[in-house]
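First comes the structure, then the notes that go with it.
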Amino acid sequence: MSVLPEERKNEILKELNQMGAVKVTDLVEQFQVSEETIRRDLMLLEEKGLLKRVYGGAIKSVFPFEEPPFINRTTVNQEAKEKIGKKAVDLISNGDVIVIDVGTTMLEFAKCIHDKKDVTIITNSLPVSSVLTESLNQNKFTGQILLLGGQLDPKQQSISGSLTEHMLYQFNIDKAFISAGGVSIQNGVSNYHLHESMVSRKMVEVSKQVIVLTDSSKMGVDTFCKVCPLEKLDVVVSEQQIPEAWRSHQKLGKLNWIQA
């Protein structure tokens, strides 16, 4: 199995999310590379806070209250996030008022917002607001950007807190683009950070349409804080098809699943 180094590391993370642990010997056989190569992959992933190395392999890194810093996650599953971002832009109509959540998938989504007219974009993400400001200055789209106020988290480059939540009630929002640390049938959309999750909940509450952008590594995963049940979602955009086990589940209702 010949894959690029970044693809291999992404596949390792997917397997880790599904199984909870991986063995070096199994990965060597799976990818047809040396033990040294696999151990180097695991070391690099551990440095990013994405797993914990143990004797003979690695286990899932446990982040009960937080996930790895934003900067450490920008290259994880990047190709999938780019596909999701490009597809999700098709859901924006001219004149829309939208809110964009925090996270690395949302950053890729923001980079793809071009050729839209008179859109109002609200966000609590510093990287998203920075990318959008540059695009607006380059006339890639027209409209305005509103950065929500509140408490700054420098590691996650996000803004949250009661002030952030209160500000969301001031707007009539057409579409909320929500991130996810995990998505499962049982617990719906969840995320790692309490305060960010509270803001996401408010985004869901005040928006006419709720759209979740998530790559396949989040499927079947539950993280610390619940954001909303699947019944609250209108659209999911992912690089993979809807999991087979989810197809007939009653909680999905009229959910529109879009494969990027």
Please give the remaining members of the hydrophobic cluster of Met106, linking ILVMFWY side chains under 4.5 Å, ordered by chain and number. Ile84, Val89, Leu91, Ile92, Ile98, Ile100, Phe109, Ile113, Val119, Ile121, Val128, Leu132, Leu136, Phe141, Ile145, Phe177, Ile211, Leu213, Val235, Val237, Ile258
How far apart are the C-alpha atoms of Thr133 and Ser130, what are their side-chain angles, what is the distance that settles it, and do they pass the side-chain hydrogen bond (donor to acceptor under 3.5 Å, both in side chains) test? CA-CA 5 Å; Thr133 299; Ser130 178; over 6 Å; no
Working for side-chain hydrogen bond (donor to acceptor under 3.5 Å, both in side chains), residues Asp222 and Ser184: CA-CA 6 Å; Asp222 291 320; Ser184 72; 2.5 Å; yes
Could you tell me whether the side chain of Ser238 and the main chain of Thr214 form a donor-acceptor pair under 3.5 Å? yes
Audit row: Leu168, Met203, side-chain contact (heavy atoms from CB on, under 4.5 Å) steps and yes/no: CA-CA 7 Å; Leu168 284 165; Met203 291 178 178; 3.8 Å; yes
What I want to check is whether the side chains of Ser200 and Ser197 have a donor and an acceptor closer together than 3.5 Å. no
Between Val227 and Val212, is any pair of side-chain heavy atoms under 4.5 Å apart? no
In Leu233, Ile178, Val199, the residue satisfying side chain to side chain contact (heavy atoms under 4.5 Å, CB included) with Val204 is Ile178
Determine, step by step, whether Asp41 and Ile12 satisfy the side-chain contact (heavy atoms from CB on, under 4.5 Å) criterion, reporting the C-alpha distance in whole Å, the side-chain angles of both residues, the deciding distance to 0.1 Å, and the verdict. CA-CA 9 Å; Asp41 286 347; Ile12 291 172; 4.1 Å; yes
So for atom CD, which belongs to Gln259, do other residues, nucleotides or ligands contribute more than 12 heavy atoms lying within a distance under 6.0 Å? yes
Does Arg53 reach the side chain of Met43, with side-chain heavy atoms less than 4.5 Å apart? yes
Minimal heavy-atom distance between Lys87 and Ala260, with the atoms involved, is CB-CB, 3.9 Å
Exercise: do Thr120 and Gln144 side chains pair donor with acceptor under 3.5 Å: yes
Heavy-atom donor-acceptor pair, Lys218 side chain to Ala180 backbone, under 3.5 Å: yes
Report, as yes or no, whether the 6.0 Å neighbourhood of atom CG on Asn172 holds more than 12 heavy atoms from other residues, nucleotides or ligands. no
Between Tyr169 and Glu205, does any side-chain donor sit less than 3.5 Å from a side-chain acceptor? yes
Do the side chains of Arg201 and Cys228 get nearer than 4.5 Å, heavy atoms only? no
With Asp101 as partner, the option from Ser125, Ser179, Ser158 fulfilling side chain to side chain donor-acceptor pair (under 3.5 Å) is Ser179
Under a 4.0 Å N-O cut-off, is there an ion pair linking Lys111 with Glu108? yes
Could you pull out the closest heavy-atom pair between Thr123 and Ser129, with the gap in Å? CG2-CB, 4.0 Å
Ionic contact status for Arg39 with Glu35, cut-off 4.0 Å: yes
Going by distance alone, is a donor N or O of one side chain under 3.5 Å from an acceptor N or O of the other, for Thr223 and Asn191? no
Pair Lys140 + Asp115: basic N to acidic O under 4.0 Å: no
